[in-house]
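Each remark here refers to the structure printed beneath this line.
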Amino acid sequence: MSASTTKSMDEIVALCRRRGFIWQSSEVYGGINGFWDYGPLGAQLKKNLKDAWWQDVIKTPPAGPDGADLDIVPVDCTIIMNPKVWEASGHVGGFNDPMVDCAETKKRYRADHISCYGVVDEKDGRENAEPTTIGYVATLAATEEEFFTSYRENEKKFFKRLAKAFGKPVMVQLPGEGVPYTNLQGFDRKIVLGPDATEVGTLTEPREFNLMFETYVGAIRDEESKAYLRPETAQGIFTQFWNVVDTARVKIPFGMAQIGKAFRNEVTPRNFTFRSREFEQMEIEFFIRPETAGEWYQYWRDTRYAWWQSIGLAGDNLTLREHDKDELSHYAKEGAGVCDVEYRFPFTAPGYGELEGIAHRSDFDLKAHATACGKGDKLMYRDPVTNEKFFPHVIEPSAGADRGTLAVLCEAFTPTPDRAGSKYVMKFVPRLAPIKAAIFPLVNKDGMPEIADKLYRQLRNKYTIQTDAKQSIGKRYARMDEAGTPYCFTIDGDTATDQTVTVRDRDTAEQTRISLDKVESFLAEKIGD
RNA sequence: GCGGGUGUAGCUCAGUGGUAGAGCGUCACGUUGCCAACGUGAAUGUCGUGGGUUCAAAUCCCAUCACCCGCUCCA
């Protein structure tokens, strides 16, 4: 069992609050479910993560499978778009799932997943070709055959339950198609026996769960002005694909990338920031020739997995999981594959939670928008060399910035019960650490504060540096341990005479002396620019 | 949305109807000679919120909000 499974999420959340990494949004008003703010340390940490992504994805991505450099261009699209975007992408249909609750069993179902089969009085059913339906039995079975098989296994019990629920011996109207619960009207919904229920009529009316946030553009609030907050940043990229081809001097294969907020009105936000209703995505859409999907899918899967390792999630807590065919999205059924980079969070352990999904989305989105906007095949990509026309396929690595930040926080969190000072150390890789180094005068007199201040001013142009002269040195080290600051430089009584300072290492608490004028090069070596 | 639990200072918690508390932390001053040191002092509370019962509510009742756990959901 890995170390992270023994970490306490409560302690991590407490440290995040105490040190100013993450707070509840609008906390003074009692908060708001599913929304989180980043404090000073958290905002810097998340920015460092996004900067690392921007650097490694847009500026210097590793060479492609053919050894050539990649061309990836950034865009920054709006959160509110023409609502037709979301009709074409399938979100208006797909994100509105009517739900049904069962008052008896306390279970919740998607209304369109429940099939209802008519039930008739046994006597009536024997005597008449078209007997009167006296109720329905609901099942989660997808097909009539599956339903038939499921109750055949214990037929006696099944009909006993029905007889009890309907107050008389009954027959089920088979063969015949099951009717989705959503298609039942009015009174019929009151005579349905829910799955696993013993009483009739315990299912509620279907209720719409709008997973997209709605808003209105302009002064008038009517259907015409309705718009949505984007549930993913990807569609902005797809809708600007043609402008990028026309202006950015790119040719297939190339990528578009953006970082931005997205919104999903989740049914149950849970697990700290893991499932937030407002969150930030770091998305790449990499456009390719269809026949190269396999090699590019592999490239991105390996590249993205290695990237998460490079920012500190290097141990057993990180995993790469290929999706089974049956859990694939509508756009990815026939593709090179879909996989998730997953992290074992304390609240998912021993399981994992998704950080990034890498999917071969085929040409679903470009085709959908080309069709929906009415231009169709005129919007096909033309290969400038062969003049061949086609809709490019897409490999989409889509990462969660907030989930990534949370994973980094969880991974860095290290209780240190044996250490003399700090109870906790946040072991961020230096590249992500919100504060790169701290500078302390050992005591607040004898010229030490002046030397510390001079060193601080020298370094702060290049690095995020803090200085602190208050309270005991142990307390100051401990605070920096919880902030995850990799190095502390301390000016002591010897500094004025021999021009050296001590360097304290966050992870070992060990100290070494280095020359005052070597501090900057020390940081450059350990932290990078 | 359902069921269960929780909510008092920044944190951990005590307080069963009668003056709002402790420890830690924070801040100031003093001290200091490398790991949450010490001394003195200070600030900090809509007792989650709203309503009700009562002469009197942190305490009893109702509603509501937030968080945690379990369902459910997560194209």
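Please read these numbers as outputs of a predicted model, since none were measured by experiment. To find a chain, count down the sequence lines: A is the first, B the second, and so on, and within it residues start at 1.
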### Query
Among Ile514(A), Thr512(A), Asp492(A), Thr490(A), which residue meets the side chain to side chain contact (heavy atoms under 4.5 Å, CB included) test with Val501(A)?
Ile514(A)
### Query
Salt bridge or not for Lys423(A) and Asp481(A), using N-O below 4.0 Å?
no
### Query
Taking the six-membered ring where the residue is Trp, are the ring centres of Trp36(A) and Phe279(A) under 6.0 Å apart?
no
At a cut-off of 3.5 Å, list every protein nitrogen or oxygen paired with a nitrogen or oxygen from nucleotides 11-13 of chain B, distance to 0.1 Å.
residue, atom, partner, partner atom, Å
C11(B), OP1, Arg17(A), NH2, 2.6

### Task
Give a yes or no on whether a salt bridge exists between Glu280(A) and Lys261(A), defined as a side-chain N under 4.0 angstrom from a carboxylate O.
no
### First of Pro269(A) and Arg403(A) reached from the 5' end of RNA chain B, by closest nucleotide
Pro269(A)
### Message
Closer than 4.0 angstrom, basic N to acidic O: yes or no for Lys475(A) and Asp468(A)?
### Response
no
### Query
How close or far is atom P of C34(B) from atom CZ of Arg419(A), stated in whole angstroms?
18 Å
### Task
Look at Asp340(A) together with Arg321(A) and state whether they make a salt bridge at an N to O cut-off of under 4.0 Å.
yes
#### Entry: Near-ring test Phe440(A)/Tyr477(A), centroid separation under 6.0 angstrom
yes
### Message
So that I know where these two stand, are Phe241(A) and Phe287(A) an aromatic pair - ring centroids less than 6.0 Å apart?
### Response
yes
### Message
Can you pull out the residues from residues 503-511 of chain A that lie within a 4.0 Å heavy-atom distance of RNA chain B?
### Response
Arg504(A), Ala509(A), Gln511(A)
Strictly under 3.5 Å: I want the nitrogen or oxygen pairs between protein and nucleotides 28-33 of chain B, one per line.
residue, atom, partner, partner atom, Å
A28(B), OP1, Lys470(A), NZ, 2.9
U32(B), OP2, Lys445(A), NZ, 2.9
G33(B), O6, Asp446(A), OD2, 2.6
G33(B), N2, Gly493(A), N, 2.5

Protein and nucleotides 63-67 of chain B: nitrogen or oxygen contacts under 3.5 angstrom:
residue, atom, partner, partner atom, Å
A66(B), O4', Gly30(A), O, 3.1
A66(B), O3', Gln24(A), NE2, 3.1
A66(B), O2', Gln24(A), NE2, 3.0
C67(B), OP1, Asn33(A), OD1, 2.8
C67(B), OP2, Asn33(A), OD1, 2.9
C67(B), OP2, Asn33(A), ND2, 3.0

### Query
Is the closest basic N to carboxylate O distance between Arg301(A) and Glu322(A) below 4.0 Å?
yes
### Summary
The ring-ring contact (aromatic ring centres under 6.0 Å, His included) partners of Phe347(A) (sequence neighbours excluded) come to Phe274(A), Phe345(A)
#### Entry: Pairs satisfying ring-ring contact (aromatic ring centres under 6.0 Å, His included), at least one member in residues 489-513 of chain A, at least two apart
Phe489(A)-Phe522(A)
### Query
Quick check: does any side chain N or O of Arg476(A) sit under 3.5 Å from a backbone N or O of Leu442(A), one acting as donor and the other as acceptor?
yes
#### Entry: Salt bridge flag under 4.0 Å for residues Glu87(A) and Lys84(A)
no
